Amino acid sequence: MTKIIRFIPATVLAILLSVTTSCSNDDNQTTIAPTPTGIQTKEDLTIYLEEVIETQEIPGFAISIVTENTIDYKTSFGFENIEAERSFNNQTVINIASLSKSFVGAATAKAIEQGHFSLDTPINAVLPVEIVNLENPDAIIRVRHLVTHTSGIIDDQSTYLQANYFVLPDQDMSTVGAHILTGSLGLEAMEPIPLDDYLGEYFLEDGVLYGDSNFIAIAPGEVWSYSNVATSLMGFVIESATGEDFATYVATHILLPLQMNNSTFNVTEVNQQEWAIPYLDKNTPLPFYGNHGYPEGSIHTTNDDLANYLLDMTKGIKGQSNTLFGTAFYKLLFTPQLNAGIVPNSFAENHGLYWYKKGNSWVHGGNSLGVSSHMEIRADGSSGFFVIANMDATFSENAPKWEAVLQLIKEGVQEYLQNN
């Protein structure tokens, strides 16, 4: 790991909670949300979801539903590009934000199956450099701690945003959205840097981001703290153990077997002509951007491709797939790893490998600048669904809007599933 990040003095991540964005002329108008009753058929569900796109402040979204080992429903709504009036479709490419972490979980299960390490392997037995929790130097961080957010490594909210996010070169930097990212949030237009160099800034003594603020004083496994940086580190653990670039490893062992041919962790591979514009609101498109710590939130995929992943996960949770690995390793993905009460009740009940347990479902979702995602799989594997949208939920005024949209979509899906 070598230091190459040019770090800008910190703007607190909470700026996302206060930056003013432009607002649609419709923002203050009263709209009546659709009522999810009487949804019997796919046609009924489509009509309902069309009402969602018409009444809510969402540019576009795609949704797939899996039932009993088939992709039962797969449709897209709204626009991938409002300005160009390009409709969101099943081949539209979109960043799925932290739903990407479930792919880190799958890669972890694959590496365990291949014998590279186990959940109980100390990460320092795999990494080329030693990671020390500066708040608890005697702590032994194991693989299981990274994949359950209990490692003691945290995101320093004063540095995480500017250190991780960057605007891709050759974007139009004259727009309001570009000014928000570069001016208000302090992001730079640049090429992505290698994963080990990014992590070196956090964990090497000469790193710009090195320090106590990246850790909490706990024994690993005892306290849950959602960490993007720790997930990026898990990607590097896999990279170090297998000798393969993490993005290449996932492409070879996860994406290719599932025929996810238009999906990638590598933002430079994305065809921008097929990429959904991220929006802060329907009047404010953002430039395309990436994450230096890409394993934590940078899968770019399509409705067609992600439906294949969902289908395989619903089969795997029932022990009916060996497409990615043996049945025992699908089970590992969805096996609770923590003692009761460690995960906050407001978030979930327990953790698998990044997947978290809520009621009778295993869930993961994500929000990044101008994009949101959510996936649920019934614990018995009988059904599952996801929604991926170019709608922001990182700014405080947008978060409740996304939650309202997601709730409407979930209610429509549940009504459909109950009647079929």
Side-chain angles (χ1 to χ4, degrees), residues 66 96 98-123 125-128 141-149 151 195-196 199 228 230-266 269 293-301 305-337 351-356 362 364 366 375 377 381 384 386:
V66 166
I96 61 172
S98 283
L99 182 51
S100 304
K101 291 180 175 67
S102 69
F103 286 83
V104 183
T108 300
K110 186 65 181 179
I112 292 173
E113 181 186 51
Q114 292 176 329
H116 294 293
F117 50 74
S118 72
L119 286 181
D120 289 319
T121 299
I123 62 172
V126 176
L127 293 171
I141 301 172
R142 304 180 189 275
V143 169
R144 69 168 62 253
H145 302 138
L146 295 183
V147 301
T148 58
H149 298 294
S151 66
L195 182 59
D196 60 341
L199 292 169
N228 293 293
T231 305
S232 298
L233 181 60
M234 187 63 227
F236 189 57
V237 169
I238 293 169
E239 191 169 291
S240 301
T242 64
E244 278 190 79
D245 170 83
F246 177 73
T248 302
Y249 184 83
V250 171
T252 300
H253 298 288
I254 309 299
L255 304 180
L256 184 61
L258 295 176
Q259 298 182 42
M260 297 179 68
N261 300 319
N262 294 300
S263 303
T264 182
F265 259 119
N266 187 343
E269 294 179 350
Y294 69 88
E296 56 92 357
S298 195
I299 278 277
H300 293 72
T301 189
D305 279 12
L306 197 58
N308 292 346
Y309 175 72
L310 174 64
L311 178 61
D312 190 64
M313 291 296 105
T314 59
K315 289 180 178 179
I317 206 170
K318 294 182 291 191
Q320 296 177 3
S321 178
N322 58 8
T323 300
L324 299 181
F325 23 70
T327 57
F329 297 94
Y330 284 98
K331 181 178 180 180
L332 182 64
L333 282 176
F334 301 105
T335 297
Q337 298 293 328
H351 251 283
L353 274 58
Y354 289 105
W355 291 96
Y356 51 93
W362 288 92
H364 212 297
M375 183 178 286
I377 299 172
F386 66 77

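None of the values given here were measured: they were computed from a predicted structure.
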Revision key, fill the gap. Heavy-atom nearest pair, Asp305 first then Gln259, reads OD1-O, 3.8 Å
Exercise for review: Write down the atom of Ser240, the atom of Leu127, and the distance for their closest heavy-atom approach.
Suggested key: OG-CD2, 3.8 Å
Check your understanding: Hey, what do you get for CE (Met313) to CH2 (Trp362), rounding to the nearest 0.5 Å?
Key -> 13.0 Å
**Study point:** Atom NZ of Lys331 with >12 non-hydrogen neighbours under 6.0 angstrom
**Key:** no
Practice item. Tell me, with the steps shown, if Val104 and Val147 meet side chain to side chain contact (heavy atoms under 4.5 Å, CB included). Key: CA-CA 8 Å; Val104 183; Val147 301; 5.9 Å; no
**Study point:** Pairing residues for Ser118 by the side chain to side chain donor-acceptor pair (under 3.5 Å) criterion, not counting sequence neighbours
**Key:** Thr121
**Study point:** Nearest-0.5 Å distance that lies between atom CG in Leu146 and atom CD1 in Ile123
**Key:** 5.0 Å
Check your understanding: Taking the six-membered ring where the residue is Trp, are the ring centres of Phe236 and Phe246 under 6.0 Å apart?
Key -> no
Practice item. Only counting residues at least two apart or in another chain, list the ones meeting side chain to side chain donor-acceptor pair (under 3.5 Å) with Ser98. Key: Lys101, Tyr226
**Study point:** salt bridge (Lys or Arg N to Asp or Glu O under 4.0 Å) contacts in which one or both residues fall within residues 107-122, not counting sequence neighbours
**Key:** Lys110-Glu113, Asp120-Arg144
Check your understanding: Going through the distances and angles, do Trp355 and Ile317 end up as a side chain to side chain contact (heavy atoms under 4.5 Å, CB included)?
Key -> CA-CA 12 Å; Trp355 291 96; Ile317 206 170; over 6 Å; no
Exercise for review: Rounded to the nearest 0.5 Å, what's the gap from OG1 on Thr108 to CZ on Phe117? Could you check?
Suggested key: 5.5 Å
Point to revise | Heavy atoms from other residues, nucleotides or ligands near CD of Gln114 exceed 12 (cutoff 6.0 Å) | key: yes
Practice item. Using the six-membered ring wherever Trp is involved, compare the ring planes of Tyr249 and His253 and label them parallel, tilted or perpendicular (cut-offs 30° and 60°). Key: tilted
Practice item. Taking all non-hydrogen atoms of both residues into account, name the closest pair between Phe265 and Pro295 and its distance. Key: CE2-O, 3.6 Å
Check your understanding: Do Thr264 and Glu269 have side-chain N/O donor and acceptor atoms under 3.5 Å apart?
Key -> yes
Point to revise | Minimal non-hydrogen separation, Pro257 against Thr252, with atom names | key: CD-O, 3.3 Å
**Study point:** Test side chain to side chain contact (heavy atoms under 4.5 Å, CB included) applied to Phe329 and Leu324, step by step
**Key:** CA-CA 9 Å; Phe329 297 94; Leu324 299 181; over 6 Å; no
**Study point:** Worked check of side chain to side chain contact (heavy atoms under 4.5 Å, CB included) between Ile96 and Met375
**Key:** CA-CA 10 Å; Ile96 61 172; Met375 183 178 286; over 6 Å; no
**Study point:** Under 3.5 Å: donor-acceptor pair, side chain of Thr301, backbone of Ser263
**Key:** no
Exercise for review: Compare every heavy atom of Arg142 with every heavy atom of Pro122, then report the nearest pair and how far apart it is.
Suggested key: CG-NH1, 3.6 Å
Check your understanding: Can you name the residues that form a side chain to side chain donor-acceptor pair (under 3.5 Å) with Asn308, not counting sequence neighbours?
Key -> none
Review point. To the nearest 0.5 Å, what is the distance between CG (Leu353) and CD1 (Ile112)?
Key: 6.0 Å
Exercise for review: For Gly316 and Ser321, work out which heavy atoms get closest and say how close.
Suggested key: N-CB, 3.9 Å
Practice item. Can you tell me which residue pairs pass the salt bridge (Lys or Arg N to Asp or Glu O under 4.0 Å) test with a partner in residues 238-255, sequence neighbours excluded? Key: none
Exercise for review: Nearest 0.5 Å please: distance from the OG1 atom of Thr327 over to the CG atom of Leu332.
Suggested key: 11.5 Å
Review point. Knowing that exactly one of Val237, Thr242, Val143 qualifies, which makes a side chain to side chain contact (heavy atoms under 4.5 Å, CB included) with Val126?
Key: Val237
Practice item. Output all residues satisfying ring-ring contact (aromatic ring centres under 6.0 Å, His included) with His364, sequence neighbours left out; order by chain, then residue number. Key: Tyr356
Study note, to complete from the structure: Rounded to the nearest 0.5 Å, the CG atom of Asn322 sits from the NZ atom of Lys315 at a distance of 10.5 Å
Check your understanding: Can the ring centres of Tyr309 and Phe103 be said to be less than 6.0 Å apart?
Key -> yes
Check your understanding: Can you find a pair of side-chain heavy atoms, one from Phe386 and one from Val66, that are under 4.5 Å apart?
Key -> no
Check your understanding: What class does the angle between the rings of His149 and Tyr354 fall in, given that below 30° is parallel, 30 to 60° is tilted and above 60° is perpendicular?
Key -> perpendicular
